[in-house]
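Only a predicted model underlies this, so the values are computations on that prediction, with no experimental measurement involved. Just so it is clear, the values below take in all heavy atoms, side chains as well, and ignore hydrogens, waters and symmetry mates.
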Amino acid sequence: MKSKNSGMKIAVILTIIILGALTTLVVINSETKNTGSEVKIPSNEGQPILGEANAPVTVVEFGDFKCPSCKEWGETIFPRLVSEYVDTGKVKFSYINVLFHGEESQLGSIAAESVLKNSPEAYWDFHKGLFKEQPSKNHDALWINQKKILEVASGVPGIDVDKLKTDIEQKSELGAVNKDTELVEEFNIQQTPTIIINGIMLEDPFDYEKIKTHIEQELDGNQ
């Protein structure tokens with residue numbers, strides 16, 4: 001009788017342990033689902049890169065110069081990311097062009113690729129300057145044009161404005177833009193901005209605490 005009771009106690013304990021483990025797995029899976037999905041890290045070959053080339057964590061933005069949310073992300077989240085992680089050598093950041101807004105998106109991307117090729121040290125200032133010109137209210141207004149691009153470029157030291165003008169007119173860097181479009185299709189990008197951290201595609205790019213959590217987890221894993 002004593003042996004039988006002991007067997008029942010062991011069975012109950014094992015059941016509790018198994019249920020606890022299953023509950024933990026459900027919670028973990030739920031958290032993963034709610035914060036992001038696993039993908040591979042997009043290739044940064046030919047992409048603008050900010051930060052140390054050998055930084056342990058890679059953060060990639062799929063963005064569109066015509067996208068209001070991308071402008072907001074660039075003004076609110078990006079500076080914090082740069083200050084805390086890029087400038088400290090922990091993260092390298094790259095940007096991939098998305099053409100969700102048609103011809104204007106393409107024109108802005110061609111210009112950015114031209115600056116990247118001919119004046120790479122001026123790329124991020126141009127990138128920031130072009131986003132700054134995006135209207136804050138009338139998002140559908142036609143504003144990315146050659147005149148506006150050259151105006152932005154003329155305010156950034158190091159850019160050969162005449163070369164940029166030629167590249168825009170001849171669409172010289174359309175090939176580079178098309179490579180970005182291939183990545184957009186490969187990763188099935190549905191919204192901008194889309195942020196990928198070491199192969200984790202975030203559901204909410206504006207949740208900076210989640211961004212920090214993913215980065216810190218990756219840093220811990222690289223130690």
Side-chain angles (χ1 to χ4, degrees), residues 26 28-50 57-82 85-86 91-113 116 123-124 127-128 130-144 173-215 217-218:
V26 169
I28 291 173
N29 288 335
S30 176
E31 287 180 352
T32 301
K33 187 176 180 181
N34 289 333
T35 59
S37 55
E38 290 189 13
V39 296
K40 66 180 182 180
I41 301 175
S43 171
N44 59 21
E45 182 179 354
Q47 304 298 346
I49 297 176
L50 185 65
V57 178
T58 300
V59 176
V60 179
E61 176 190 0
F62 283 84
D64 188 328
F65 287 109
K66 279 280 289 184
C67 164
S69 294
C70 296
K71 178 180 180 179
E72 182 183 354
W73 193 88
E75 292 175 345
T76 59
I77 304 299
F78 185 58
R80 299 171 68 184
L81 177 69
V82 171
Y85 293 105
V86 176
V91 163
K92 60 177 174 289
F93 177 87
S94 66
Y95 180 88
I96 297 174
N97 295 295
V98 181
L99 310 184
F100 283 169
H101 294 268
E103 291 184 7
E104 283 186 274
S105 299
Q106 185 188 82
L107 182 59
S109 298
I110 287 173
E113 292 290 348
L116 177 63
Y123 172 83
W124 291 106
H127 177 104
K128 182 179 178 180
L130 191 55
F131 266 117
K132 188 176 180 180
E133 292 299 316
Q134 184 186 123
S136 57
K137 293 184 179 180
N138 187 6
H139 303 308
D140 294 326
L142 301 177
W143 66 275
I144 298 183
E173 297 307 314
L174 183 58
V177 174
N178 289 339
K179 286 184 179 179
D180 283 4
T181 299
E182 291 175 5
L183 288 171
V184 170
E185 294 172 354
E186 178 183 348
F187 285 84
N188 192 29
I189 301 302
Q190 299 294 316
Q191 66 178 21
T192 51
T194 288
I195 305 299
I196 298 177
I197 301 174
N198 268 17
I200 299 295
M201 184 182 292
L202 303 186
E203 288 192 358
D204 182 2
F206 287 93
D207 188 340
Y208 188 64
E209 291 307 312
K210 283 289 191 303
I211 290 175
K212 289 182 64 173
T213 296
H214 281 299
I215 291 175
Q217 288 174 346
E218 292 299 316

With rounding to the nearest 0.5 angstrom, report the [atom1] to [atom2] distance, [X] to [Y].
X      : Y      : atom1 : atom2 : result
Lys210 : Glu203 : NZ    : CD    : 10.0 Å
Phe65  : Ser109 : CZ    : OG    : 6.0 Å
Asp207 : Ile77  : CG    : CD1   : 8.0 Å
Cys70  : His101 : SG    : NE2   : 7.5 Å
Glu173 : Ile110 : CD    : CD1   : 8.5 Å
Cys67  : Trp73  : SG    : CH2   : 11.5 Å

Is a donor on one side and an acceptor on the other found under 3.5 Å between the side chain of [X] and the backbone of [Y]?
X      : Y      : value
Glu113 : Val177 : no
Tyr95  : Pro48  : no
Gln106 : Leu99  : no
Tyr85  : Ile215 : no

Considering only heavy atoms from C-beta outward, does the side chain of [X] approach that of [Y] to under 4.5 Å?
X      : Y      : result
Asp204 : Leu202 : no
Glu75  : Phe131 : no
Thr194 : Phe187 : no
Phe78  : Glu61  : no

Report the C-alpha distance between Trp143 and Lys66 in whole Å, list the side-chain angles of each, state the deciding distance to 0.1 Å, and finish with yes or no for side-chain contact (heavy atoms from CB on, under 4.5 Å).
CA-CA 9 Å; Trp143 66 275; Lys66 279 280 289 184; 3.4 Å; yes
Only one of Val57, Val59, Thr213, Val91 passes side chain to side chain contact (heavy atoms under 4.5 Å, CB included) with Glu218; say which it is.
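Between Glu218 and the candidates, side chain to side chain contact (heavy atoms under 4.5 Å, CB included) is satisfied uniquely by Val57.
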List the atom of [X], the atom of [Y], and the distance in Å for their closest heavy-atom pair.
X      : Y      : result
Pro205 : Pro193 : CG-O, 3.6 Å
Val86  : Leu50  : CG1-O, 3.7 Å
Ile196 : Met201 : CD1-CE, 3.9 Å
Phe93  : Leu81  : CD1-CD2, 3.9 Å
Gln134 : Lys71  : O-NZ, 2.7 Å
Thr192 : Phe62  : CG2-O, 3.7 Å

State which residues pass side chain to side chain donor-acceptor pair (under 3.5 Å) with Lys128; sequence neighbours excluded, sorted by chain then number.
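Per chain and number, Lys128 pairs via side chain to side chain donor-acceptor pair (under 3.5 Å) with no residue.
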Can Thr181 and Leu183 be said to form a side-chain contact (heavy atoms from CB on, under 4.5 Å), step by step?
CA-CA 5 Å; Thr181 299; Leu183 288 171; over 6 Å; no
Is it the case that Gln47 and Asp180 place a side-chain donor and acceptor less than 3.5 Å from each other?
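A donor-acceptor contact under 3.5 Å links the two side chains.
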Around atom CD of Glu103, are there more than 12 heavy atoms from other residues, nucleotides or ligands closer than 6.0 Å?
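No, the 6.0 Å shell around CD holds no more than 12 heavy atoms from other groups.
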Give the intermediate values and the outcome of side-chain contact (heavy atoms from CB on, under 4.5 Å) for residues Asn44 and Val60.
CA-CA 9 Å; Asn44 59 21; Val60 179; over 6 Å; no
